[in-house]
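Below is one structure; the comments refer to it alone.
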Amino acid sequence: MSIFKDYLENKSPLILHGALGTEMESLGYDISGKLWSAKYLLDKPEVIQKIHETYVAAGADLITTSSYQATLPGLIDAGLTEKEAVQIIGLTVRLAKAARDKVWATLDDSEKAKRPYPLISGDVGPYAAYLANGSEYTGDYGQITIKELKEFHRPRIQILLDQGVDLLALETIPNRLEAQALIELLAEEFPEAEAYISFTVQEPGTISDGTSLDEIAQLVSQSDQILALGINCSSPLLYNQALTVLKNAGKALITYPNSGEVYDGSTQTWKPKDKDALTLVEHSKDWHDQFGVKILGGCCRTRPNDIKALYAEFRT
């Protein structure tokens with residue numbers, strides 16, 4: 001049995017690595033610019049490894065590589081050669097592995113018995129992240145073709161798999177054509193790879209580009225390689241309705257919402273959440289109880305303490 005499938009069937013619920021950029025900002029690092037947090041892969045990668053370590057220590061079972069924003073075209077646009085860009089994407093896997101193994105070695109046997117050995121999840125962010133124009137929240141990719149989307153995603157997927165990730169995280173996907181491109185690319189060129197796919201939602205009933213969740217569930221249900229399906233980087237208030245539809249795909253479900261604060265793409269700022277809003281743990285417990293969600297975490301504006309709270313709820 002494949003390892004990700006085994007974890008879903010025998011070790012769930014699984015706790016997901018939390019936000020990277022949010023934590024870097026909290027530590028005083030400037031993540032502005034098209035590369036966001038990925039620019040620190042170039043000259044201060046130890047900072048990223050340290051954040052991975054913090055999340056592993058907090059209880060994360062899936063350690064997500066820092067490759068969301070690290071793409072060949074994005075890194076080449078930043079002045080790297082193609083060879084250097086390939087090396088940087090490979091570095092994201094090595095940092096995640098080093099962090100996992102460093103923290104795991106410090107745990108005593110009783111702590112290790114409470115949780116599975118963490119898996120490394122290769123982060124495949126959307127084309128929107130390369131555009132860096134807020135299209136994660138609109139799905140507006142203009143006139144791009146499915147062939148162009150495959151060409152964009154192919155090299156990073158190949159590098160992540162070559163570096164030995166345990167699964168792929170196809171995350172923050174706002175666009176149906178991109179989902180189709182990724183699913184076809186896995187089947188055609190990476191048939192041994194396992195993955196989960198997670199979409200952004202702005203309105204009830206659709207992903208960000210307006211495609212119905214029913215259509216998304218049907219699309220994903222046809223892939224044997226996509227083992228989990230869900231929503232991330234979206235308001236937690238939209239999850240119940242989305243999960244009601246997405247469960248029809250017959251996949252494990254995954255949830256990692258934003259903190260509840262609301263992002264304004266026009267000003268690139270966050271507005272505070274309602275003071276009476278539920279916590280991430282409260283939402284996650286509801287989703288686990290109601291829908292059987294098997295992978296739980298937090299996205300933008302969540303912190304290691306949020307992951308630690310999920311660990312306390314689901315592992316102790």
Side-chain angles (χ1 to χ4, degrees), residues 1-14 16-17 61-65 67-68 119-129 136 139 146 149-150 152-154 156-161 164-201 206-209 211-234 239 242-257 287 291-297 299:
M1 181 182 290
S2 58
I3 191 166
F4 183 36
K5 184 177 182 181
D6 174 59
Y7 271 49
L8 286 171
E9 293 183 359
N10 299 309
K11 303 179 189 299
S12 64
L14 301 173
L16 189 64
H17 192 296
D61 303 312
L62 300 179
I63 311 307
T64 312
T65 63
S67 50
Y68 178 90
L119 300 183
I120 304 300
S121 178
D123 195 324
V124 180
Y127 181 65
E136 292 102 323
I146 193 167
L149 286 167
K150 288 179 181 179
F152 171 79
H153 283 295
R154 180 182 294 109
R156 177 169 52 178
I157 289 174
Q158 184 69 67
I159 296 163
L160 293 171
L161 292 173
V165 297
D166 298 299
L167 66 143
L168 297 170
L170 316 176
E171 66 170 8
T172 325
I173 305 300
N175 178 288
R176 185 206 180 281
L177 189 68
E178 183 166 37
Q180 181 181 343
L182 286 163
I183 288 170
E184 289 184 7
L185 186 60
L186 292 188
E188 292 163 355
E189 300 183 35
F190 308 103
E192 300 303 313
E194 296 180 315
Y196 71 73
I197 190 166
S198 189
F199 294 85
T200 56
V201 171
T206 69
I207 63 169
S208 293
D209 73 349
T211 302
S212 75
L213 290 170
D214 286 301
E215 185 174 343
I216 292 300
Q218 176 61 29
L219 174 66
V220 175
S221 72
Q222 298 168 15
S223 171
D224 292 332
Q225 294 172 263
I226 305 292
L227 302 185
L229 163 66
I231 303 296
N232 78 292
C233 205
S234 304
Y239 277 59
L243 293 170
T244 300
V245 178
L246 293 180
K247 69 180 183 182
N248 296 326
K251 305 292 184 180
L253 292 173
I254 179 169
T255 56
Y256 51 120
W287 298 328
F291 299 101
V293 172
K294 291 194 171 186
I295 305 175
L296 301 155
C299 202

Report yes if some heavy atom in the side chain of [X] is under 4.5 Å from a heavy atom in the side chain of [Y]; otherwise report no.
X: Asp166; Y: Phe4; answer: no
X: Leu182; Y: Leu149; answer: no
X: Asp61; Y: Lys11; answer: no
X: Leu62; Y: Leu167; answer: yes
X: Ile207; Y: Leu213; answer: yes
X: Gln222; Y: Ile183; answer: no
X: Ile226; Y: Leu186; answer: yes

(request) Before giving the answer on side chain to side chain contact (heavy atoms under 4.5 Å, CB included), spell out for Phe199 and Leu229 the whole-Å C-alpha distance, their side-chain angles and the decisive distance to 0.1 Å. (result) CA-CA 8 Å; Phe199 294 85; Leu229 163 66; 3.6 Å; yes
(request) Test Thr172 against Asn232 for side chain to side chain donor-acceptor pair (under 3.5 Å), laying out the working first. (result) CA-CA 6 Å; Thr172 325; Asn232 78 292; 2.9 Å; yes
(request) Just jot down the side-chain contact (heavy atoms from CB on, under 4.5 Å) partners of Thr244, sequence neighbours excluded, or say none. (result)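 With sequence neighbours excluded, Thr244 shows a side-chain contact (heavy atoms from CB on, under 4.5 Å) to Phe291, given in chain and number order.
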(message) Test of understanding: with side-chain contact (heavy atoms from CB on, under 4.5 Å), list the residues that count as partners of Asn248, not counting sequence neighbours.
(response)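 side-chain contact (heavy atoms from CB on, under 4.5 Å) list for Asn248, sorted by chain: empty.
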(request) I would like to know whether Ser212 and Asp214 meet side chain to side chain donor-acceptor pair (under 3.5 Å); could you show each step before the answer? (result) CA-CA 5 Å; Ser212 75; Asp214 286 301; 4.9 Å; no
(request) First locate atom OG1 of Thr65, then atom NE2 of His17, and finally report the distance between them rounded to the nearest 0.5 Å. (result)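 Result: 9.0 Å between the selected atoms.
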(message) Nearest 0.5 Å, please: how far is NE2 in His153 from CD in Glu184?
(response)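 Here the rounded value is 12.5 Å.
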(request) On the 0 to 90° scale, with breaks at 30° and 60°, tag the Phe152-Tyr127 ring pair as parallel, tilted or perpendicular. (result)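 If you compare the ring of Phe152 with that of Tyr127, the planes turn out perpendicular.
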(request) Taking only Lys NZ, Arg NE, NH1 and NH2, and the carboxylate oxygens of Asp or Glu, determine whether Glu189 and Lys150 approach each other closer than 4.0 Å. (result)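 Here Glu189 does not pair with Lys150 in a salt bridge, since their nearest N and O are not under 4.0 Å apart.
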